[in-house]
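Data first, discussion second: the structure below is written as structure tokens.
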Amino acid sequence: MMKNVEHIGIAVADLAAAEALYSALLNTQPYKRETVESEHVTTSFFQINQTKIELLEATAEESAIHRFIEKKGEGIHHIAFEVADILAEMQRLREAGFLLLNETPKRGADNKLVCFVHPKTANGVLIELCQEIG
Ligand SMILES: CC[C@H](C(=O)O)C(=O)SCCNC(=O)CCNC(=O)[C@H](O)C(C)(C)COP(=O)(O)OP(=O)(O)OC[C@H]1O[C@@H](n2cnc3c(N)ncnc32)[C@H](O)[C@@H]1OP(=O)(O)O
Ligand SMILES: [Co+2]
């Protein structure tokens with residue numbers, strides 16, 4: 001079951017500069033920075049009530065974020081939905097014809113298990129599923 005939009009991912013070239021800009025925009029400071037080696041990204045999270053913004057900076061050229069910025073520039077990268085049972089949701093989406101980018105859930109940022117749906121099967125939007133790790 002899809003519960004809510006958990007975060008909006010924004011690809012940025014300079015995390016410190018983007019943190020300063022979003023701190024001014026949102027009138028709040030990021031609550032955490034976290035590097036996810038497996039994704040070659042450093043993230044910075046802001047929270048306004050139930051809404052989170054995830055800023056993402058590439059830590060290596062093989063990063064999806066590096067390729068995204070090279071191709072499309074900075075901007076909205078993905079929409080993440082919180083799910084109650086990521087395995088059940090992955091199976092439901094497979095059966096519904098969506099292309100999943102990982103066979104099994106992988107460790108994401110902010111204490112989540114994550115999976116991605118290819119933008120080609122979601123009207124050009126990269127979708128992330130995330131489940132809180134209890
Ligand atoms: C996990 C830590 C953190 C968290 O919240 O926990 C994160 O969110 S990490 C986020 C970064 N990691 C990922 O995005 C992993 C999933 N992404 C991928 O596997 C790739 O980025 C993929 C498959 C979406 C694109 O792969 P790649 O860049 O190598 O291929 P192309 O450049 O050829 O792209 C293919 C096609 O897709 C379009 N594209 C790429 N990225 C996006 C995007 N973010 N949103 C929408 N569309 C996207 C790209 O433009 C190409 O389209 P085309 O029409 O052929 O030009
Ligand atoms: Co994300």
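Predicted model, so just to flag it, every value in this text is computed and none were measured. We count ligands from 1, going down the list as the structure has it; atoms in each ligand are counted the same way. All heavy atoms count here, side chains included; hydrogens, waters and symmetry mates do not.
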| query | Do you know which N/O/S atom name in Glu128 is closest to the Co ion (ligand 2)? | reply | OE1
| request: Quick one: closest heavy-atom pair of Val83 and Met2, and the distance? | output: CG1-SD, 3.7 Å
| request: Using the six-membered ring wherever Trp is involved, compare the ring planes of His77 and Phe68 and label them parallel, tilted or perpendicular (cut-offs 30° and 60°). | output: perpendicular
| Closest candidate by heavy atom, reference atom 39 (N) of ligand 1, pool Arg67, Glu62, His66, Lys72 | Lys72
| N, O or S from Cys130 under 2.8 Å to the Co ion (ligand 2) | no
| message | If we set the cut-off at 4.0 Å for heavy atoms, which region of Pro119 has an atom near ligand 1: side chain, backbone, both, or neither? | response | side chain
| said: Give the atom numbers and elements of ligand 1 that come within less than 4.0 Å of a heavy atom of Val114. | reply: 6 (O)
| said: For the residue pair Glu54 / His78, report whether a side-chain donor-acceptor contact shorter than 3.5 Å exists. | reply: yes
| said: Assess, by modelled atom type and distance only, whether the side chains of Thr42 and Thr59 contain a donor and an acceptor separated by less than 3.5 Å. | reply: no
| Minimum heavy-atom distance Gln131-Ala84, with the two atoms named | CD-O, 3.5 Å
| request: Determine which of the N, O or S atoms in Glu54 is closest to the Co ion (ligand 2) and give its atom name. | output: OE1
| Heteroatom N/O/S of His77 within less than 2.8 Å of the Co ion (ligand 2) | no
| request: Could you list the atoms of ligand 1 found under 4.0 angstrom from a heavy atom of Phe68? | output: 41 (N), 42 (C), 43 (C), 44 (N)
| Of all the atoms in ligand 1, which lie at a distance below 4.0 Å from a heavy atom belonging to Lys71? | 31 (P), 32 (O), 33 (O), 51 (C), 56 (O)
| remark: the Co ion (ligand 2) has as its nearest N, O or S atom from His7 the atom NE2
| task | Using a 4.5 Å cut-off on heavy atoms from C-beta on, say whether the side chain of Leu129 contacts that of Leu93. | result | yes
| Taking the minimum heavy-atom distance to atom 44 (N) of ligand 1, which of Glu39, Glu6, His77, Lys112 ranks first? | His77
| Distance-only N or O hit between ligand 1 and His118, under 3.5 Å | no
| Numbered atoms and elements of ligand 1 in range of Leu101, under 4.0 angstrom, heavy atoms | 19 (O), 23 (C)
| said: For Gly124, state whether at least one heavy atom is located under 4.0 Å from any atom of ligand 1. | reply: yes
| query | Taking both backbone and side-chain atoms of Arg107, is any N or O found less than 3.5 Å from an N or O belonging to ligand 1? | reply | no
| request: Ignoring hydrogens and angles, state whether a donor on the side chain of His7 or Glu82 is under 3.5 Å from an acceptor on the partner side chain. | output: no
| request: Provide the number and element of each atom of ligand 1 under 4.0 Å from a heavy atom of Gly108. | output: 1 (C), 6 (O)
| Which heavy atom of Ile10 sits nearest a heavy atom of Tyr22, and at what distance? | CD1-OH, 3.5 Å
| Counting from 1, what ligand 1 atoms have a heavy atom of Ala64 closer than 4.0 Å? | 13 (C), 14 (O), 21 (O)
| Do His7 and ligand 1 have an N or O pair less than 3.5 Å apart? | yes
| Exercise: do Glu19 and Ser44 side chains pair donor with acceptor under 3.5 Å | yes
